Amino acid sequence: MTSHLLPTYARADLAFERGDGAWLTSVKGERYLDFGGGVAVASLGYSHPHLIKALNDQAGKIWHTSNLYLIPEGERLAGRLCDATFADVVFFTNSGAEAMECSIKMARKYQSANGHPERFRIITFEGAFHGRTLATLAAGGQEKYLEGFGPKVDGFDQVPFGDHTALEAAITPQTGAILIEPIQGEGGIRPVPPQCLRGLRALCDEKSLLLVFDEVQCGIGRTGRFFAHEHAGIAPDIMAIAKGIGGGFPLGACLATREAAKGMTVGTHGSTFGGNPLAMSVGNAVLDVILQPEFLQRIARMGLLLKQRLAELMDRHPGLIGEIRGEGLMLGIKAQVPNGELVAAARAEKLLVIAAGDNVVRLIPPLIVEEPEVLEAVRRLDAACGRIERARSRMAQKGAAE
Ligand SMILES: *Cc1c(COP(=O)(O)O)cnc(C)c1O
């Protein structure tokens with residue numbers, strides 16, 4: 001069958017019909033344990049009754065009104081996000097890239113409003129991923145994504161991950177902000193050590209730069225805190241979020257202090273769909289669950305259990321697994337074979353995991369996973385490793401025989 005979809009994705013030959021908690025059922029009726037969570041989106045898993053109710057209740061009232069009018073559900077969601085974070089103001093979007101675009105525009109506008117329009121440049125880090133719009137691609141700086149799409153948007157200076165000297169050297173009179181993911185997601189689950197995040201905060205304060213965090217993947221409870229930067233005890237000036245906040249509904253946001261947002265006055269930014277009543281109701285319902293203190297504590301506990309069991313798995317399969325890294329339910333397995341091989345073997349064991357940069361396999365399950373599911377995921381990974389080992393030894397034997 002020829003597909004009429006633009007062929008930009010390398011899709012697995014697998015479709016799902018329904019989901020329940022951390023489990024997905026394929027159109028063929030097979031059950032899969034989902035430790036990819038639709039790329040960290042299905043924060044409350046599938047068919048969560050509280051989300052279904054919120055969506056259905058709102059769907060029966062009003063879906064969309066535009067931002068020409070007040071949206072009470074949005075006022076409420078923004079207030080709750082600000083109460084729970086460093087932020088004073090929120091702009092709602094439909095995706096992570098749009099949340100990043102708003103963050104980038106806001107940082108530039110802040111410097112401009114302060115009389116420094118020349119400070120439009122933003123320092124970013126190698127291995128970063130900030131989205132697929134032209135500006136966020138330039139921020140991410142990945143050649144393979146930029147190639148063929150014309151001149152790269154100007155204003156982004158990339159430095160190697162973890163290189164303090166290069167970072168300081170990259171700051172010029174045109175620098176206005178530093179942008180970083182507290183834990184790189186697509187880049188291969190690479191956490192920025194807490195002391196480095198604190199160092200970045202101090203550096204930004206010293207040089208009058210804004211600190212911008214991209215918590216699109218690592219935020220919304222993923223690491224056992226509401227936001228990953230909380231582990232370091234510091235806060236950014238601006239932060240982009242998305243993925244988990246919608247629990248599967250397209251929703252993102254740019255959060256900021258009132259000071260950092262001071263250039264964003266009437267008419268400077270907008271979105272037709274952003275913050276519509278349907279999205280806002282779902283976002284509020286996601287927060288109802290995630291902001292319960294016991295919920296975040298359980299994520300930290302499940303994350304620790306998963307990390308310990310993965311470390312044991314690494315001991316059993318040293319030829320396949322080189323390192324386990326990450327925080328909470330955002331863990332990465334550094335593969336010693338091509339990571340796609342491990343992802344495919346896991347899928348054959350009916351466990352869904354996701355490849356990332358640096359030859360890593362990502363485990364980013366729904367945040368509602370319980371102990372039996374964590375143990376089952378590790379059991380299936382163990383079986384997947386066994387599959388690869390058997391296939392490799394068969395190949396070695398065949399090679400010897402020939
Ligand atoms: C997924 C992601 C984005 C982009 O989000 P989209 O919703 O795909 O636009 C940006 N930053 C990070 C860290 C992400 O993981």
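Order of listing sets the numbers, starting from 1, for every ligand and every atom in it. As the structure is a computational prediction, the values presented were derived from the model and not from experiment.
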Per-atom filter on ligand 1: closer than 4.0 angstrom to a heavy atom of E181 are 13 (C)
Going by the angle between their ring planes, with limits at 30° and 60°, are H229 and F227 parallel, tilted or perpendicular?
parallel
Next on the checklist: Can you confirm whether F35 sits close enough to V361 that some side-chain heavy atom of one is under 4.5 Å from a side-chain heavy atom of the other?
Outcome noted: no
Quick note on ligand 1: atoms under 4.0 Å from a heavy atom of D214 include exactly 10 (C), 11 (N), 12 (C), 13 (C)
- Close side-chain approach of I333 and I324, heavy atoms under 4.5 Å: yes
shortest atom 9 (O) of ligand 1-to-protein heavy-atom contact is with A97 N, 2.7 Å
Requested in this report: Using distance alone, with no hydrogens and no angle criterion, decide if Y46 and D34 have a side-chain donor and acceptor under 3.5 Å apart.
Outcome: yes
Atom 2 (C) of ligand 1: closest protein heavy atom, distance to 0.1 Å, is K243 NZ, 2.5 Å
Looking only at protein heavy atoms, what sits closest to atom 6 (P) of ligand 1 is G96 N, 3.4 Å
Between the side chains of H130 and T124, is a donor N or O closer than 3.5 angstrom to an acceptor N or O? no
*So is M100 polar-close to ligand 1, meaning N/O to N/O under 3.5 Å?*
no
Taking only non-hydrogen atoms of S95 and a 4.0 Å limit, the atoms of ligand 1 in range are 7 (O), 9 (O)
* Asked: Are side-chain heavy atoms of M106 and C254 found at a separation under 4.5 Å?
  -> yes
A student checking ligand 1 against H130 at a 4.0 Å heavy-atom cut-off should list atoms 10 (C), 11 (N)
